[in-house]
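Taking it in order: structure first as structure tokens, then the write-up.
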Amino acid sequence: MSKLTELPVQILAEDCKSYKYLTNLGMQPCPPLNYPDDGKAKNFNTLGFKNLTSYRPIYLQYFLLHGISVLWLDSDIVPKLDLFGFIPPGVDMVLVDDKSNDCHYSSHGKCSCFIFMNPRNASLRFLSKWIEIMPRHANDQPALNAALANLGHEDHLSLVMLPRYLFPNGRDYAKFLNSSAWIHANYRVGRKAKEEFLKIYGYLGQEFFLTRAELVC
């Protein structure tokens, strides 16, 4: 995180605790958007988790409406390479695949852990659809996939999917150990399980790799 103080990027804090922490690091983050909080830890399948993740497209919309391109990364991701180098120019949106052949969660398809968006009309229209259907889903990822499934030709969304051998999920990471551009500790519930996974591969507490200064992370 300390590397971000050297780059002209804008950071939006997700809650008051994060805002205070980032401010103490000298990062001057945007103050957090207000979302319902049940006061409990943001564990998977809790109300707090749903409230937090449901505001993901609203965070994205905030930056796009200000004309800023956004790369969203979940906090259990450690990039091993410059992720911006894999984003093709001139697209509306870039996602990764969350499917795992031996897991019933594979129906979720696209992962909301990695989202790159440029501030374009098609991107903003898609975010509006995503936000609109959010209340009908358990959290943001099923809603993301439902919004994608309902896209029509009239939406004109330029979407690129990055390959799994570069961006594997945590369940399949060992299969792509030598080719992957990141390590992602998903498919593990709870902070302890995620930290143990990152520790096994030597990435717990590592600074992430970031070079493209003109985009938001």
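Worth knowing before you read on, the calculation uses all heavy atoms, side chains too, and leaves out hydrogens, waters and symmetry mates. Bear in mind the structure is a predicted one, so any value in this text is a computation, not a measurement.
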side-chain contact (heavy atoms from CB on, under 4.5 Å) between Lys110 and Met161, worked out: CA-CA 9 Å; Lys110 316 303 185 295; Met161 295 297 301; 3.2 Å; yes
Here the pair of heavy atoms bringing Val94 nearest to Val91 is CG2-CG2, 3.6 Å
Contact between Met134 and Pro57 at the side-chain level, heavy atoms closer than 4.5 Å - yes or no? yes
If only side-chain N and O atoms count, and only distance matters, is there a donor-acceptor pair under 3.5 Å linking Asp140 with Ser54? no
Atom CG in Leu162, atom CG in Asp97: separation rounded to 0.5 Å? 10.5 Å
So, taking the atom named CG in Asn186 and the one named CG in Asp74, what distance separates them when rounded to the nearest 0.5 Å? 8.5 Å
So, do Leu127 and Met117 sit near enough that their side-chain heavy atoms are less than 4.5 Å apart? yes
Minimum heavy-atom distance Ser69-Asn118, with the two atoms named: OG-OD1, 2.6 Å
Using the side-chain contact (heavy atoms from CB on, under 4.5 Å) rule, take Leu204 and Glu196 through it: C-alpha gap first, then chi angles, then the decisive distance, then the call. CA-CA 8 Å; Leu204 181 61; Glu196 288 177 350; over 6 Å; no
Please tell me if the side chains of Cys113 and Trp182 come closer than 4.5 Å, counting only heavy atoms from C-beta onward. yes
Any side-chain heavy atom of Leu65 within less than 4.5 Å of one from Leu124? yes
Ignoring hydrogens, what is the shortest heavy-atom contact between Cys111 and Asp98? Give both atom names and the distance. CB-CB, 3.5 Å
With a 4.5 Å cut-off on side-chain heavy atoms, are Leu148 and Leu95 touching? yes
Between Arg164 (side chain only) and Phe176 (backbone N and O only), is there a donor and an acceptor less than 3.5 Å apart? no
With under 30° as parallel and over 60° as perpendicular, where do the rings of Phe167 and Phe114 fit, or are they tilted in between? tilted
Going by heavy atoms in the side chains, are Lys175 and Tyr165 under 4.5 Å from each other? no
Asp76 with Arg191: basic N within carboxylate O range, under 4.0 Å: no
Just by distance, do the side chain of Asp82 and the backbone of Phe84 share a donor-acceptor pair under 3.5 Å? yes
Centroid separation Tyr201 to Phe197 less than 6.0 Å: yes
Atom CH2 of Trp130 and atom CG of Asn150: how far apart are they, to the nearest 0.5 Å? 14.5 Å
Between Leu177 and Lys80, the two heavy atoms sitting closest are O-NZ, 3.1 Å
Look up atom CG in Leu144 and atom CE in Met93, then write down how far apart they are to the nearest 0.5 Å. 5.5 Å
Identify the heavy atoms of Asp92 and Ser123 that sit nearest to each other, and give their distance. O-OG, 3.2 Å
Distance in Å, Phe126 CZ paired with Leu151 CG, rounded so as to fall on 0.5 Å steps: 6.0 Å
When you look at Trp72 and Leu60, which way does the side-chain contact (heavy atoms from CB on, under 4.5 Å) test go after all the steps? CA-CA 8 Å; Trp72 177 287; Leu60 294 169; 4.1 Å; yes
For residues Ile133 and Ala146, report the shortest heavy-atom separation together with the two atoms involved. CD1-CB, 3.7 Å
Flag the pair Leu81 / Phe86 as yes when at least one side-chain heavy-atom distance between them is below 4.5 Å, and no otherwise. yes
Between atom NZ of Lys192 and atom NZ of Lys199, what is the distance when rounded to the nearest 0.5 Å? 10.5 Å
Would you please test Ser75 and Lys194 for side-chain contact (heavy atoms from CB on, under 4.5 Å) and show each step? CA-CA 10 Å; Ser75 58; Lys194 292 177 180 293; over 6 Å; no
Without hydrogens or angle criteria, can the side chains of Asn169 and His184 be said to hold a donor-acceptor pair below 3.5 Å? no
Check for a donor-acceptor pair, side chain of Asn24 on one end and backbone N or O of Tyr21 on the other, with a separation under 3.5 Å. no
So do Gln61 and Ser128 actually touch side chain to side chain, heavy atoms under 4.5 Å? yes
